[in-house]
Enquirer: 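Here you go, one structure.
In the text below, chain A, chain B and the rest are named by the order of the sequence lines, each starting its count at 1. In this text, all values refer to a predicted model and were calculated from it rather than measured experimentally.
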Amino acid sequence: MSGDSKSGEWECNDALKTWVSNRLLALLGFSSPEFVEFAIGLAKQATSAADVVGKLEEYGLAFSDDLYLFAEEIFSKVPWKVSPRKQKTYENEDGTTGSGKAVFEDQIEFIKESMLKVDDEMSIESPQISKAKSKLETLHEDWRTLPIYAHRDSLLKAIEEHQVLVIVGETGSGKTTQIPQYLHEAGYTKRGKVACTQPRRFAAMSVAARVSQEMDIKLGHEVGYSIRFEDCTSEKTVLKYMTDGKLLRELLGEPDLASYSVIMVDEAHERTVSTDVLFGLLKDIARFRKDIKILISSATPDASKFSDFFDCAPIYRISGRRYPVEIQYTKAPVADYLDAAIVAVLQIHVTQPPGDILVFLTGQEEIESAEEILKHKISGFGSEIPELVICKIFSNLPAELQAKIFQPIPIGSRKVVLATNIAEASLTIDGINYVIDPGFCKMESYNPRTGMESLQVTSISKASADQRAGRSGRTGPGKCFRLCTADSYKTKLDDNTPPEIQRTNLTSVVLSLKILGIQNLLNFDFMDPPSNEALLKALELLFALGALNKLGEVTKVGRQMAGFPLDPMLSKMIVASDKYKCSDEVISIAAMLSVGNSIFYRPKGEQVHADHARMSFHTGNVGDHIALMNVYNSWRETNYSTQWCYENYIQVRSMRRARDIRDQLERLIERVEIELTGCPNDLQAIKKAITSGFFSHSARLQNYGSYRTVKHPRIVHIHPSSGLADNFPRWVVYHEVVLTTKEYMRNVTELKPQWLVEIAPHYYQMKDVEDA
DNA sequence: GAGCACTGC
């Protein structure tokens with residue numbers, strides 16, 4: 001990246017940088033361009049040497065005489081005045097620069113609102129294709145009535161004239177399916193492939209299927225899709241739909257995207273981590289590849305942010321087809337939103353014309369209790385009130401139960417769907433006329449200082465509330481009932497949800513960017529930069545894992561690790577398994593861990609049986625990691641039996657996913673020259689491999705069953721779902737800590753303290769692990 | 001002795 005040159009008079013000289021780097025090496029044993037800049041930045045802003053020390057301590061460095069000396073020296077060496085350069089990376093309060101706004105906006109054309117129903121979120125399986133016409137004819141007609149059709153020529157002209165174009169179009173405008181076809185017809189595919197990225201696998205698959213139908217060719221020939229575990233493309237493929245994460249992976253192997261002539265980033269407003277990283281990389285690629293076209297497509301009307309980021313790229317607007325949605329607020333604040341939501345459902349049911357209801361709730365538990373209360377209430381209704389069919393949907397609901405929301409209901413009855421955020425963007429239910437929105441969701445946040453994740457109920461943003469409201473206006477005019485006052489909507493809600501990249505652990509992103517040769521990540525052009533703290537934490541961990549050397553450069557181990565689509569700690573565990581000759585077992589464990597926490601199933605009323613089944617995999621107090629391996633192996637022995645899963649209270653879907661991941665890992669280890677070897681009877685080898693990845697997650701027993709993490713001391717507890725919950729080993733290594741009612745370690749295995757010094761001598765000293 | 005919103009590689 002060539003981003004450093006613009007920093008103006010504050011560009012610090014190389015001698016200063018070298019000096020700081022050397023001091024950091026002495027102090028931390030680790031340095032990198034990012035740390036150097038961080039330290040210099042601190043010193044610039046500080047008012048005294050003590051201030052520098054304070055800030056360094058805040059960041060997590062232990063106080064020492066050396067640290068103080070360093071602070072004094074750096075404070076005196078770095079000139080102290082307020083930086084004149086635009087600090088885009090630090091404060092980003094007001095993004096409205098105003099000046100550079102869309103040169104293109106006066107050229108915007110609106111066409112008449114078409115009311116036809118075709119959809120790029122779409123359901124290709126719809127059997128409702130007119131019998132009188134051939135399938136193809138119908139498709140072509142749809143295509144001519146899409147709002148985008150009238151824009152074809154002016155859109156192509158705009159793409160021709162500008163390297164980067166921001167396209168705004170509501171869902172239903174047809175942009176996802178049509179633009180790549182236009183580009184193909186205009187000859188862009190002669191110079192290279194056209195990629196169109198989607199945040200979700202299903203969207204990539206179904207849109208590709210739709211387009212291949214429209215073009216009347218076999219899916220996988222000229223039009224194909226590529227997602228994890230499934231590459232449906234061939235040498236012929238010129239229109240390639242793919243997930244954004246998949247393109248990022250491809251970029252690691254082809255940093256200039258030489259085989260592509262156009263990249264269209266669709267659904268950019270969703271701001272997934274992958275999309276955000278792609279933004280920065282594409283902006284850079286566009287600088288030295290003048291022949292590549294970048295299209296950023298978003299459904300948010302306010303696209304100025306995208307335009308500003310891409311150096312005032314023009315904005316092109318395409319109208320969509322939306323029915324009006326009437327929004328109602330409560331007159332007074334509601335005390336209990338669940339209660340209020342239930343009352344609202346009943347009121348709509350009794351007083352409003354036909355049409356189904358969608359209620360947004362925060363999670364499974366809430367949905368299930370709402371379901372119970374509703375059932376109870378309607379049981380008291382007389383026969384003159386039509387039937388109310390209650391459906392629920394959340395991602396952990398088994399697939400066969402999920403399908404129920406699409407089943408037809410008796411004529412004259414009404415459906416109410418209790419849903420999590422899954423119904424906000426990922427999944428569309430037809431026939432919804434009423435939306436009830438209490439205005440909350442569960443959101444993950446990540447604290448880089450403690451490395452802890454927590455999932456908390458939070459108010460949604462205005463953007464999110466509008467998206468939810470829009471769900472009622474898809475097939476006809478809709479109504480949305482917001483369970484807050486109009487005033488609190490206006491004043492209390494943020495405009496936008498903070499992008500995921502600012503709420504997540506960045507270790508894996510940072511490793512990828514380092515592989516791509518980004519020297520200094522603090523200067524990387526993020527649209528909304530994550531905090532320096534989060535970036536530095538990621539660098540520190542990568543150094544500890546041996547993925548980066550002392551100077552912040554990627555090592556051989558780092559390259560091996562980057563070969564796996566996993567969290568770097570898991571990747572390191574696999575790389576280390578080569579040494580301990582247990583890669584066969586370790587990739588199973590890695591696959592099971594990366595599936596997450598949805599393997600064991602614990603239905604209401606059957607908890608005792610479920611817990612009993614789960615404990616049967618823990619024989620011998622082997623620890624949770626080995627137990628996961630036992631689960632996988634037992635399942636494999638039954639030839640991947642679904643019945644076996646039911647009997648053992650295990651989620652089939654999760655197991656199948658684990659199998660997919662494991663298969664992929666098995667293929668990948670070869671590429672980084674790791675041999676597939678097993679050591680079924682040597683649990684110690686396996687545990688040592690685990691420790692090689694997770695040594696920074698170690699904890700020792702305190703009094704009364706609580707634990708203290710070794711490196712950055714915190715009090716934590718073994719999660720009750722762990723096989724070791726009643727066992728209290730003196731030393732443990734854990735997969736993660738989550739904050740719920742307490743700080744719980746999830747997935748725990750016993751450890752010998754001397755392993756820590758043996759495996760990570762750069763991280764632990766004897767004094768850290770001496771038994772007190 | 002307790003709870004997983006949603007994606008993705």
Enquirer: Starting at the 5' end of DNA chain B and moving along, which residue's nearest nucleotide shows up first, A:D726 or A:K246?
Expert: A:D726

Enquirer: Measure from the side chain of A:S426, starting at C-beta and using heavy atoms only, and say which of B:dG3, B:dC9, B:dC6 lies closest.
Expert: B:dC6

Enquirer: Using the salt bridge (Lys or Arg N to Asp or Glu O under 4.0 Å) rule, pick out the option among A:D528, A:D495, A:D276 that qualifies with A:K305.
Expert: A:D528

Enquirer: Where the side chain of A:R249 is defined as all heavy atoms beyond and including C-beta, which of B:dG3, B:dC9, B:dC6 is the nearest nucleotide?
Expert: B:dC9

Enquirer: If I take atom CG in residue A:L247 and atom P in nucleotide B:dG8, what distance separates them, rounded to the nearest angstrom?
Expert: 15 Å

Enquirer: What nucleotide among B:dG8, B:dA2, B:dG3 has an atom nearest to a side-chain atom of A:D611?
Expert: B:dA2

Enquirer: Check whether any side-chain N or O of A:R201 sits under 4.0 Å from OP1 or OP2 of B:dC9, and answer yes or no.
Expert: yes

Enquirer: For the side chain of A:T740, counting heavy atoms from C-beta on, which of B:dG3, B:dT7, B:dG8 is nearest?
Expert: B:dG3

Enquirer: Rounded to whole angstrom units, what separation is found between the CD atom of A:E366 and the P atom of B:dA5?
Expert: 9 Å

Enquirer: Mind checking if A:I227 touches a base, just sugar-phosphate, or nothing, with heavy atoms under 4.0 Å?
Expert: sugar-phosphate

Enquirer: Rounded to whole angstroms, how far apart are CZ on A:R468 and C1' on B:dC6?
Expert: 12 Å

Enquirer: Taking A:D660 first and then A:R657, would you say they form a salt bridge - that is, a charged N and a carboxylate O separated by under 4.0 Å?
Expert: no

Enquirer: When the distance from CG of A:L570 to P of B:dG8 is rounded to whole Å, what number comes out?
Expert: 19 Å

Enquirer: Choosing from B:dC9, B:dA2, B:dC6, which nucleotide comes nearest the side chain of A:P565?
Expert: B:dC9

Enquirer: When you measure from the side chain of A:I422, which nucleotide among B:dA2, B:dC9, B:dT7 comes out closest?
Expert: B:dT7

Enquirer: Is the phosphate of B:dC6, meaning OP1 or OP2, less than 4.0 Å from a side-chain N or O of A:T420?
Expert: yes

Enquirer: With sequence neighbours excluded, what pairs up with A:L493 under the side chain to side chain contact (heavy atoms under 4.5 Å, CB included) test?
Expert: A:S459, A:K462, A:Y489

Enquirer: Scan residues 246-259 of chain A for pairs that pass salt bridge (charged side-chain N to carboxylate O under 4.0 Å, His left out), counting only residues two or more places apart or in two chains.
Expert: A:K240-A:E250

Enquirer: State whether A:Y446 and A:R503 meet the cation-pi test: NZ (Lys) or CZ (Arg) under 6.0 Å from the six-membered ring centroid, and within 45° of the perpendicular axis.
Expert: no

Enquirer: Less than 4.0 angstrom between a side-chain N/O of A:S721 and OP1 or OP2 of B:dG1, yes or no?
Expert: no

Enquirer: Of the listed nucleotides (B:dA5, B:dG3, B:dC9), which one gets closest to any side-chain atom of A:E444?
Expert: B:dA5

Enquirer: By nearest nucleotide on DNA chain B, pick out whichever of A:Q364 and A:F229 is the more 5' one.
Expert: A:Q364

Enquirer: The side chain of A:T243 is closest to which nucleotide in this list: B:dA5, B:dC9, B:dG3?
Expert: B:dC9

Enquirer: Rounded to the nearest Å, what distance is computed from the CE atom of residue A:M745 to the P atom of nucleotide B:dG1?
Expert: 15 Å

Enquirer: Please report, rounded to the nearest Å, how far the P atom of B:dC6 is from the CD atom of A:Q467.
Expert: 16 Å

